[in-house]
Amino acid sequence: MRALVVESLGQDYAGCAVREVPTPQPGAGEVLVRVRAASINFPDLLMTRGEYQLKPPLPFTPGLDLAGEVADLGEGVASFAVGDAVVGGARLGGFAEYAVLSAAGLKPKPERLSFAQAAAYGAAYLTAWVSLVRRARLQPGEWVLVHGAAGGVGLAAVDLAKALGARVIAASASDEKLAILQAEYAPDAVVNVTGGFRERVKAITGGRGADIIYDPVGGDIFDESCRCVAFDGRLLVVGFTSGRIPNVDANIPLIKGFSVMGVRAGEYGRQFPERGAEDRESVWRLADEGRIKPRVHAELPLDRWREAFNLLADRQVVGKAVIRPDL
């Protein structure tokens, strides 16, 4: 089969190439999936440089979110049949024509979602769910400021927060992206963060500030967020796509009475398996019910993986870029 293989770590994906490799075989409790779509996440990009928490041995194939069809079953798997449309996530392996996943980590693909939408859904919406529901304990009517709102995890937070009854402020540095969000997701307000956003957020929230701030950006965005979070608010640290890990003096959350909360959705599920299973069920139930709408910005074949990666790296996407090995 063909797969994108990381053979060495380096900048600008220098160690990556599409190679012919042996098709994996499912073991006991595993399923071989013909990959129809695999979405690109920032951890995938970081792993090609060795800059993510997970550092798999070389060579490896990245890709953690995929959708496809069951091609073969390992011993003891009775929950699926060959030909079933499924979605799943593994920490590796998605950017290939076939991938082996644990049967326990697979779910039937929601009929409402295309393969590309299903691949774009799992990790982003699970991150949003753990952030907003588990960590921040969002209540209907609260103001939620979402930074990086046009990106995969940001857009998921906008969509999910609206579905949960929050009042949402979508924030981005692009008026064009904000116009798309307004048209397709109807946030309660939008803010262009270029030149600052504190006063605008205060005005929108009647001077109180945002009850929850969802920050996958870090850097200057985090710094200013500390100045427009409400008393008893929650500032969620989701990532650092700006490239700078910020710091906050402890007296600031003390005086302003807010909490800074770290979010690692996958690790949360590993630390609390029962809650993790509940979270995954809740997220996919929303998809089955049609209460959310993941957005696919582009679908590209495996040979155009670099172009797909750069769409994300260059902040060009609204939603997710997806690799289609079947194209």
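Everything numeric in this text was worked out from a predicted model, so none of it was measured.
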Could you tell me whether Arg34 sits above the aromatic face of Tyr98, with NZ or CZ closer than 6.0 angstrom to the six-membered ring centre and within 45 degrees of the axis?
no

Any idea which heavy atoms bring Ile169 and Ile204 closest together, and the distance?
CD1-CG2, 3.9 Å

Salt bridge flag under 4.0 Å for residues Glu281 and Lys107:
yes

Exceeds 12 heavy-atom contacts within 6.0 angstrom, atom CD of Gln53
yes

Are Trp305 and Met1 linked, directly or through intermediate hydrophobic residues, by side-chain heavy-atom contacts shorter than 4.5 Å (ILVMFWY only)?
no

Sequence neighbours excluded, the answer for salt bridge (Lys or Arg N to Asp or Glu O under 4.0 Å) partners of Asp279 is Arg134

Hydrophobic clusters here meaning ILVMFWY residues chained together by side-chain heavy-atom distances under 4.5 Å, can you tell me if Val133 and Phe272 are in one?
yes

Between CG of Asp44 and SG of Cys16, what distance do you get to the nearest 0.5 Å?
10.5 Å

For the student: nearest non-hydrogen atoms of Ala265 and Thr127, plus distance
CB-CA, 3.7 Å

Could you list the donor-acceptor pairs under 3.5 angstrom formed between side-chain atoms of residues 86-97 and any protein atom two or more places apart in sequence or on another chain?
unit_1, atom_1, unit_2, atom_2, d
Glu97, OE1, Arg2, N, 2.8

Does the Ser259 side chain pair with the main chain of Met261, one donor and one acceptor, at a distance under 3.5 Å?
no

Is Asp72 reaching over with its side chain to a backbone N or O of Leu32, donor-acceptor style, under 3.5 angstrom?
no

Without swapping roles, check the side chain of Glu30 against the backbone of Val100 for a donor-acceptor pair under 3.5 Å.
no

Tell me, please, which residues at least two apart from Phe231 pass ring-ring contact (aromatic ring centres under 6.0 Å, His included).
none

Examine distances only and state if a side-chain atom of Arg234 and a backbone atom of Ala136 form a donor-acceptor pair shorter than 3.5 Å.
yes

Worked check of side-chain contact (heavy atoms from CB on, under 4.5 Å) between Lys256 and Ile252
CA-CA 6 Å; Lys256 293 180 63 67; Ile252 295 178; 4.1 Å; yes

Return the set of residues passing side-chain hydrogen bond (donor to acceptor under 3.5 Å, both in side chains) with Gln11 (not counting sequence neighbours), or none when no residue passes.
Glu51

Membership question, hydrophobic clusters at under 4.5 Å side-chain separation (ILVMFWY): are Trp143 and Leu138 in the same one?
no

Taking the side chain as everything from C-beta on, heavy atoms only, tell me whether Val21 gets closer than 4.5 Å to Val5.
yes

How far apart are the closest heavy atoms of Ala287 and Pro110, and which atoms are they?
CB-CG, 4.0 Å

What's the spacing between Leu235 CG and Ile213 CD1 if we round to 0.5 Å?
5.0 Å

Trp129 and Tyr125: aromatic ring centres closer than 6.0 Å?
no

Taking side chain as C-beta onward, heavy atoms only, is Ile212 less than 4.5 Å from Val144?
yes

Can Asp223 and Arg244 be said to form a side-chain contact (heavy atoms from CB on, under 4.5 Å), step by step?
CA-CA 11 Å; Asp223 295 342; Arg244 179 171 73 84; 2.6 Å; yes

Does any N or O in the side chain of Asn192 come within less than 3.5 Å of the main-chain N or O of Thr194, such that one atom is a donor and the other an acceptor?
yes

For Ser131, does its backbone N or O pair with a side-chain atom of Tyr268 as donor and acceptor, under 3.5 Å?
no

Any chance you could measure Arg200, atom CZ, to Leu145, atom CG, to the nearest 0.5 Å?
11.5 Å

Between Phe222 and His147 (judged by ring centroids, cut-off 6.0 Å), do the two rings come close enough to count as a pair?
no

Output yes when a side-chain donor or acceptor of Arg198 lies under 3.5 Å from a complementary backbone atom of Arg227, and no otherwise.
no

Audit row: Arg306, Tyr13, side-chain hydrogen bond (donor to acceptor under 3.5 Å, both in side chains) steps and yes/no:
CA-CA 8 Å; Arg306 182 179 291 274; Tyr13 325 121; over 6 Å; no

Decide whether Val130 and Leu155 are clustered together by the hydrophobic rule: side chain heavy atoms of Ile, Leu, Val, Met, Phe, Trp, Tyr closer than 4.5 Å, transitively.
yes

Treating Ile, Leu, Val, Met, Phe, Trp and Tyr as nodes and any side-chain heavy-atom pair under 4.5 angstrom as an edge, say whether Val217 and Val201 lie in one connected cluster.
yes

Are any non-hydrogen side-chain atoms of Leu106 and Val33 less than 4.5 angstrom apart?
yes

Test: Glu7 and Arg19 ion pair at under 4.0 Å
yes

Separation between CG (Leu132) and CD (Glu142), nearest 0.5 Å, reads 10.0 Å

side-chain contact (heavy atoms from CB on, under 4.5 Å) assessment of Val283 paired with Leu160:
CA-CA 9 Å; Val283 165; Leu160 179 61; over 6 Å; no

Which of Asp84, Leu101, Val82, Leu73 passes side chain to side chain contact (heavy atoms under 4.5 Å, CB included) with Val31? Answer is Leu73

Would you verify whether the NZ or CZ of Lys162 falls within 45 degrees of the ring axis of Tyr185 while also being under 6.0 Å from that six-membered ring's centre?
no

Identify the two heavy atoms, one from Ala308 and one from Ala321, that lie closest to each other, and give their separation to 0.1 Å.
O-CB, 4.0 Å

Taking the basic N atoms (NZ, or NE/NH1/NH2) and the acidic carboxylate oxygens, is any pair closer than 4.0 Å for Arg295 and Glu184?
yes

Can you tell me which residue pairs pass the side-chain hydrogen bond (donor to acceptor under 3.5 Å, both in side chains) test with a partner in residues 201-210, sequence neighbours excluded?
Arg208-Asp211

My understanding is that only one of Leu64, Val317, Leu312, Val322 makes a side chain to side chain contact (heavy atoms under 4.5 Å, CB included) with Ile40; could you say which?
Leu312

Between Glu267 and Arg270, does at least one N-O distance fall below 4.0 Å, as a salt bridge requires?
yes

Just verifying a value: how many Å separate Arg315 CZ and Ser242 OG, rounded to the nearest 0.5 Å?
8.0 Å

Distance from Lys293 atom NZ to Asp159 atom CG, nearest 0.5 Å?
7.0 Å

Quick test of your reading of the model: are Asp326 and Arg36 salt-bridged, counting only N-O distances below 4.0 Å?
yes

What closest approach, in Å, do Asp65 and Ala119 show between heavy atoms, and which atom pair accounts for it?
CB-O, 3.3 Å

Please list all pairs passing the ring-ring contact (aromatic ring centres under 6.0 Å, His included) test where one or both residues lie in residues 34-64, with sequence neighbours left out.
none

Keeping Asn310 on the side-chain end and Ala313 on the backbone end, is there a donor-acceptor pair under 3.5 Å?
no

Go through it in stages, so that I can follow the logic: the residues are Ser174 and Leu178, the test is side-chain contact (heavy atoms from CB on, under 4.5 Å), and I'd like the CA-CA distance, side-chain angles, deciding distance and then a yes or no.
CA-CA 6 Å; Ser174 166; Leu178 289 173; 6.0 Å; no

For the residue pair Phe258 and Cys226, establish whether any side-chain heavy-atom pair is separated by less than 4.5 Å.
yes

Please confirm whether the backbone N or O of Lys177 pairs with a side-chain atom of Ser172, one donor and one acceptor, at under 3.5 Å?
no

Shortest non-hydrogen pair, Pro294 vs Tyr121, comes out as CG-CD1, 4.0 Å

Does Gln139 reach the main-chain N or O of Arg137 with its side chain, forming a donor-acceptor pair under 3.5 Å?
yes

